[in-house]
Amino acid sequence: MDQPYKIYVCSFHTILLEVIMQKKESIATIRARERKYFERGPEWFCEFRYSKIKGLDQEENVNRRDPSAVLCVDGTYYTWYTKNTGPHAGFGTGDLDAKVWPWDYSEIWYASSKDGYTWKEEGRAVGRGEKGCYDDRSVFTPEILQHDGHFYLVYQAVQHPYLRRTKNTIGMAIAESPHGPWKKVDQPILKPTDTGEWLGEEDNHLSVKHKGEFDSHKVHDPVLFYYRDKYYLYYKGETMGEQLYMGGRETKWGVAIADNPTGPYVRSPYNPITNSGHETILWPYKEGMVAMLTTDGPEKNTIQYAEDGINFNIMSMIKNAPEAPGPFRSYSTTDPLCGIKWGLYHICHDGWNYIVRFDMDLWQREYYHERRSFNDK
Ligand code: AAL
C-alpha cells in the first residue's frame, strides 16, 4: 500500500514545482498590479440611464445643446444652454456668412423646472455682441456658477468670420438672479495662447509649422468654481495642428485661476492637467475635484480625482457616459459621485440637437453588494 501513495506524493510535488517554475506574469497583470486596479473598490464606478424630458426636446429647425449644470434656486431648477435655428453648411462654402456648425450663430437661453423632467423655456439669457465685438458671431456652451449672491455665466465666444483657423475666446456675464438681467464683462476672460504658427495661408487647422501649447487654437467648455478661496476656470484646450491618437482626438484640459471672478485668470503651470477628455464635467468632493473624462484621448471614459484640483488620478473606468452633460450641482464629503447623480445632456437626431436627462445608475453595484443574480434585474 505504501508504494503507490509515495509515487502520488512525489508526482504531485513535481507537478506543483513545474507549475511554479513556469508561472509568469503577463504584461496586463503587471500593469494592473502596478496601477493597483484590483485594489480599488467600486465607489467611483457607476453607469447611466437616460430619459426624455418635456419642453426642451426635439424640434424641427432648432438646436438646443451643451446644457450647463443644473442649479436649484428657491426650489426651482434652472439650466442654461446653446440655442440656434436653421441648418448648417460646414466650412469651405466660400460664403463667410454661411452657418458652419450646429453651435454657430447661437445665443444662450435658459429654462426652469419644478421636477427636473418638465422644463419651461424662459427665454434668452445672453445674446451675441454688436458687430466688431469679440462675440459678434456666436455665444455658446455655457456653464453657471452661483456664488456669494451672484450668478456667473461663462461661455465660448466667436467673432466673425468663423473659419477653421478661427481662435475662439471665453466670455462671462454676471447677474443677481437666474432671470438676469445679465451684464457682460467687456473683454474675454480667457483666450488661446499665442504659441503656435500656422503653415501656409490655406484655412487648414491641421497644417502648422509648430503646434504650440495644448490650448494654442481653442479654449472650449469653460466651467467655473469657487474653490480654495479662488476662482478656478477649467476648460478644454485644442492645439493648432491637432493630431489623432490611440484614444481619438488630441484634446486636453487646463485650468486658469483668479482672485476675482472677472479675472485676471492665470493658467496653472501644471497645464494641461489631463491628457484626455472632451467636454469638461467636474464637481467638488471633499477637499478636491472630481472629473469625468469622455469621448477623446487615451484616458477617455474615466472618472478621476485630484485632491488639489490639479493632479488627477484615475479612480474608475466608465461606459456610455452622457455627452456634454450638465450635472445637478450638489456637494458631499462622503459620496464621490454626489456631483453626477442626475442632470441634462444633448443628443442629435435627424440633424437637430436636443436635450435629454441622465440619471446615475448603480444597479450593478447593488447586485454585487447583495450577491444577487443578474437575472433578477
Ligand atoms: C462641444 C464642445 C464645444 C465645441 C462644440 C460646442 O462638444 O466641445 O461646444 O466648440 O462641441
Side-chain angles (χ1 to χ4, degrees), residues 62-69 79-91 99-109 125-126 128 134-135 137-144 153-172 188-192 205 214-224 233-240 242 244 247-255 272 274 276-282 291-297 300-301 321-327 343-349 351-356 358:
V62 179
N63 288 304
R64 294 185 184 86
R65 49 174 292 141
D66 289 297
S68 73
T79 187
W80 288 258
Y81 49 91
T82 303
K83 185 179 178 188
N84 60 73
T85 53
H88 61 281
F91 292 106
K99 183 175 173 180
V100 294
W101 286 119
W103 48 85
D104 191 8
Y105 289 111
S106 289
E107 298 178 328
I108 295 164
W109 283 52
V126 175
R128 294 188 285 279
Y134 71 91
D135 58 353
R137 177 73 180 235
S138 193
V139 287
F140 55 113
T141 313
E143 256 303 344
I144 187 79
L153 269 178
V154 287
Y155 47 86
Q156 295 179 202
V158 169
Q159 183 167 11
H160 180 81
Y162 201 163
L163 304 167
R164 284 194 193 87
R165 284 186 173 180
T166 296
K167 295 193 172 198
N168 81 297
T169 53
I170 293 177
M172 176 184 267
I189 58 167
L190 198 75
K191 296 177 177 178
H205 69 293
F214 80 103
D215 52 354
S216 59
H217 189 198
K218 307 273 183 174
V219 283
H220 277 173
D221 300 276
V223 51
L224 186 64
L233 181 69
Y234 292 89
Y235 62 97
K236 176 192 80 189
E238 290 181 10
T239 185
M240 294 163 62
E242 177 190 320
L244 198 65
R249 290 182 55 193
E250 180 180 9
T251 57
K252 299 165 188 166
W253 298 0
V255 64
T274 69
S276 303
H278 203 92
E279 295 95 351
T280 53
I281 314 128
L282 296 109
M292 187 165 87
L293 277 59
T294 61
T295 311
D296 283 308
K300 68 183 170 196
N301 302 332
E323 190 177 327
L344 305 174
Y345 72 108
H346 70 233
I347 55 175
C348 178
H349 264 167
W352 303 108
N353 296 190
Y354 61 101
I355 297 179
V356 291
F358 70 87

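When a ligand or atom number is given, it counts from 1 through the structure's own listing order. Each residue takes its place number in the sequence, starting with 1.
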Exercise. Tell me, please, which residues at least two apart from Lys218 pass salt bridge (Lys or Arg N to Asp or Glu O under 4.0 Å).
Key: none
Quiz item: Going through the checks in order, is the side-chain hydrogen bond (donor to acceptor under 3.5 Å, both in side chains) test met by Ser216 and Thr239?
Solution: CA-CA 5 Å; Ser216 59; Thr239 185; 3.3 Å; yes
Quiz item: Just wondering, are more than 12 heavy atoms of other shown residues or ligands nearer than 6.0 Å to CH2 in Trp352?
Solution: yes
Quiz item: So between Arg65, His220, Glu279, whose heavy atom ends up nearest atom 11 (O) of ligand 1?
Solution: Arg65
Self-check item: Ser276 side, atom OG; Trp253 side, atom CH2 - distance, nearest 0.5 Å
Solution: 9.5 Å
Self-check item: Contact atoms of ligand 1, heavy-atom distance to Asp221 under 4.0 Å
Solution: 2 (C), 3 (C), 8 (O)
Self-check item: Nearest-neighbour protein heavy atom for atom 3 (C) of ligand 1, which is reported as residue plus atom name and distance
Solution: Gln156 OE1, 3.2 Å
Quiz item: What part of Trp101 sits under 4.0 Å from ligand 1 if we count only heavy atoms: the side chain, the backbone, both or neither?
Solution: neither
Exercise. Give the atoms of ligand 1, by number and element, whose distance to some non-hydrogen atom of Thr141 is under 4.0 Å.
Key: 3 (C), 6 (C), 9 (O)
Quiz item: Okay, side chain of Lys191, backbone of Ile170: is any donor-acceptor separation there less than 3.5 Å?
Solution: no
Practice problem: Give yes if a backbone or side-chain nitrogen or oxygen of His278 is under 3.5 Å from a nitrogen or oxygen of ligand 1, and no if not. | Solution: yes
Practice problem: Please determine if Lys236 and Glu279 form a salt bridge, counting it only when a charged side-chain N lies under 4.0 Å from a carboxylate O. | Solution: no
Quiz item: Which is it for Thr82 and ligand 1 at heavy atoms under 4.0 Å: side chain, backbone, both or neither?
Solution: neither
